Colleague: 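Have a look at this one.
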2 protein chains.
Amino acid sequence: MMFSTKSEYGVRVMVELARRGGEEPVPLTEIAEHEGLPLAYLEHLVARLRRAGLIDSRRGAHGGYRLARDASSITMAEVVEALEGAIAPVECISSAPDGSTRCARETEAEHVCTTKILWTRVRASIVQTLEQTTLAALVPAPDLIQLVPLPPEKPVAA
Amino acid sequence: MMFSTKSEYGVRVMVELARRGGEEPVPLTEIAEHEGLPLAYLEHLVARLRRAGLIDSRRGAHGGYRLARDASSITMAEVVEALEGAIAPVECISSAPDGSTRCARETEAEHVCTTKILWTRVRASIVQTLEQTTLAALVPAPDLIQLVPLPPEKPVAA
DNA sequence: CCTATAACCTACCTTGGCGGTAGGGTATCA
DNA sequence: TGATACCCTACCGCCAAGGTAGGTTATAGG
């Protein structure tokens, strides 16, 4: 695999938040149960998303998470980068602060890394695809949402 | 990193073989020394490349490896797939034998995996880029490529 | 207030694969 | 016959990934 489950799970969480996209925050427990993923682990991923400013949170009772911005303005490039860190197809390739692509093996100016061409292309195509895909594009049609039962509004006291 | 050093090193080996691209096989010791990579480890990678039919070998004295085909007909998709196995951006996505993309989490016909759209796109862009880049495109010396007709290489939009 | 909820934080643990080594066996030259 | 160099199997240390655990803080409702 090229992306870890951090991305896989994290994207699912974002989609879930977008699906219920309202003002009311959604508790992680709901999402964890709905997706069948371990809550404690999701908390780590969600922390990254929050620190990246993609979601915000409300603590305490009736707390939870909600999208910080509109789903259509959030790209998968932001989400994946928040979860995985910088996107690099191979270890020797990284993007310099100025945006250019650097090769760790090009220590000397003389020595040109021939394989850099390949990994630069690969990286560009991945980033482009991630940037072109917004969170909104992954949210299923509204009629599909209605098929999934929403949690009970108020549980009856026993 | 998304590709391991298997790809990084393996592609370097292939480029080296293409660079010296003649009938005479090149011993792995030369390449290992030239690239500054451990010989014993390269032997493993090279075995994969050979089993995939990308290179062939001659044993014994004056033995070594050479490209099984012309550099212009070898795509990076073949090389990377031989080294890494099937190309999948996340674990839950794999390509079925019929070519369609399968999602491990779509166990029930009911449950549609929304994130599948994303990973399918990402995978497609990676594979496309790897397929568009031939080994010949990574060989620095132009006079060596002239031995064979120029590849029908489409320039990749930056 | 008090309790339940749920975010938040830090630390820890286990496992598998990655990168690499080691030591042989076998084919091919000179 | 020796040197070369491919070939094969087995093994190993390390580290991050994936997950657990246990706490602390903030908020809503009664």
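As the structure is a computational prediction, the values presented were derived from the model and not from experiment. Below, chain A is the first sequence line, B the second, and so on; all start at residue 1.
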Colleague: What integer distance in Å separates A:Arg58:CZ from C:dC8:C1'?
Modeller: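 Rounding to the nearest Å, CZ of A:Arg58 and C1' of C:dC8 are 16 Å apart.
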
Colleague: Nearest to the side chain of A:Arg51, which nucleotide is it out of D:dC6, D:dC8, C:dC9?
Modeller: C:dC9

Colleague: Are any side-chain N or O atoms of A:Thr133 and backbone N or O atoms of A:Leu130, one a donor and one an acceptor, separated by less than 3.5 Å?
Modeller: no

Colleague: Quick one: B:Leu83 CG to C:dC18 P, roughly how many Å, whole number?
Modeller: 12 Å

Colleague: Between C:dA6, D:dG29, D:dG19, spot the one nearest the side chain of A:Tyr41, thanks.
Modeller: D:dG19

Colleague: A:Leu49 CG to C:dA7 P: how many Å, rounded?
Modeller: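 In whole Å, C:dA7 P and A:Leu49 CG are 13 Å from each other.
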
Colleague: Between the side chains of A:Glu16 and A:Arg20, is the shortest nitrogen-to-carboxylate-oxygen separation below 4.0 Å, so that they form an ion pair?
Modeller: yes

Colleague: Without swapping roles, check the side chain of B:Arg58 against the backbone of B:His62 for a donor-acceptor pair under 3.5 Å.
Modeller: yes

Colleague: So A:Phe3 and B:Trp119, would you call those rings parallel, tilted or perpendicular, with 30° and 60° as cut-offs?
Modeller: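 Ring orientation, 0 to 90° scale: tilted.
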
Colleague: Expressed as a whole number of angstroms, how long is the span from B:Leu28:CG to D:dC7:C1'?
Modeller: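 Result: 11 Å.
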
Colleague: Work out how much the helix from C:dC1-D:dG30 to C:dA30-D:dT1 bends between its end axes, five pairs an end, to the nearest 10 degrees.
Modeller: 20°

Colleague: Which atom pair, heavy atoms only, marks the closest approach of B:Ser7 to B:Glu84?
Modeller: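 So the two residues come closest at OG-OE2, 2.7 Å.
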
Colleague: Output the rounded distance in Å from CG (B:Leu45) to P (D:dC7).
Modeller: 14 Å

Colleague: Distance check needed: D:dC6 P versus B:Ile55 CD1, whole Å only.
Modeller: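 It works out to 10 Å between those atoms.
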
Colleague: Whole angstroms only, please: what is the OH-P distance between B:Tyr65 and D:dA5?
Modeller: 12 Å

Colleague: Any ion pair linking A:Arg69 and A:Glu78 (charged N to carboxylate O, less than 4.0 Å)?
Modeller: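 Yes.
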
Colleague: Would you tell me if any nitrogen or oxygen in the side chain of B:Ser4 comes within less than 4.0 Å of OP1 or OP2 on C:dC18?
Modeller: no

Colleague: Among B:Leu28, B:Ile31, B:Leu54, B:Leu39, find the one that has a side-chain contact (heavy atoms from CB on, under 4.5 Å) with B:Val46.
Modeller: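 The side-chain contact (heavy atoms from CB on, under 4.5 Å) with B:Val46 is passed solely by B:Leu28 among B:Leu28, B:Ile31, B:Leu54, B:Leu39.
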
Colleague: Scan for side-chain hydrogen bond (donor to acceptor under 3.5 Å, both in side chains) pairs involving residues 45-56 of chain B, sequence neighbours excluded, and state none if there are none.
Modeller: B:Asp56-B:Arg66

Colleague: Quick one: which of D:dC8, D:dA28, D:dA17 gets closest to the side chain of A:Ala61?
Modeller: D:dA28

Colleague: What's the closest nucleotide to the B:Arg50 side chain, out of C:dC8, D:dC8, C:dG19?
Modeller: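 Within the option list, the nearest is D:dC8.
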
Colleague: Please confirm whether the shortest side-chain N or O distance from B:Tyr9 to OP1 or OP2 of C:dG20 is below 4.0 Å.
Modeller: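 For C:dG20, OP1/OP2 do have a side-chain N/O of B:Tyr9 under 4.0 Å.
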
Colleague: Dump every N/O contact between nucleotides 22-25 of chain C and the protein below 3.5 Å, one line per pair.
Modeller:
residue	atom	partner	partner atom	Å
C:dG25	N2	B:Arg59	NH2	3.1

Colleague: Which residue, B:Thr29 or B:Ala47, contacts DNA chain D at a nucleotide closer to its 5' end, judged by nearest heavy atom?
Modeller: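 It is B:Thr29 whose nearest nucleotide is closer to the 5' end.
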
Colleague: Say whether, by atom type as modelled, one donor and one acceptor occur between the side chain of A:Arg19 and the main chain of A:Pro140 under 3.5 angstrom.
Modeller: no

Colleague: Kindly give the heavy-atom pair with the smallest separation between B:Met76 and B:Thr134, and that separation in Å.
Modeller: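 Heavy atoms of B:Met76 and B:Thr134 come nearest at CE-C, 4.2 Å.
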
Colleague: If you compare every side-chain N and O of A:Ser57 against the phosphate oxygens of C:dC8 (OP1, OP2), does one of them come in below 4.0 Å?
Modeller: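 True: A:Ser57 side-chain N/O within range (under 4.0 Å) of C:dC8 OP1/OP2.
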
Colleague: What is the separation between atom CD on A:Glu33 and atom P on C:dA6, rounded to the nearest whole Å?
Modeller: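 For the pair A:Glu33 CD and C:dA6 P, the rounded distance is 11 Å.
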
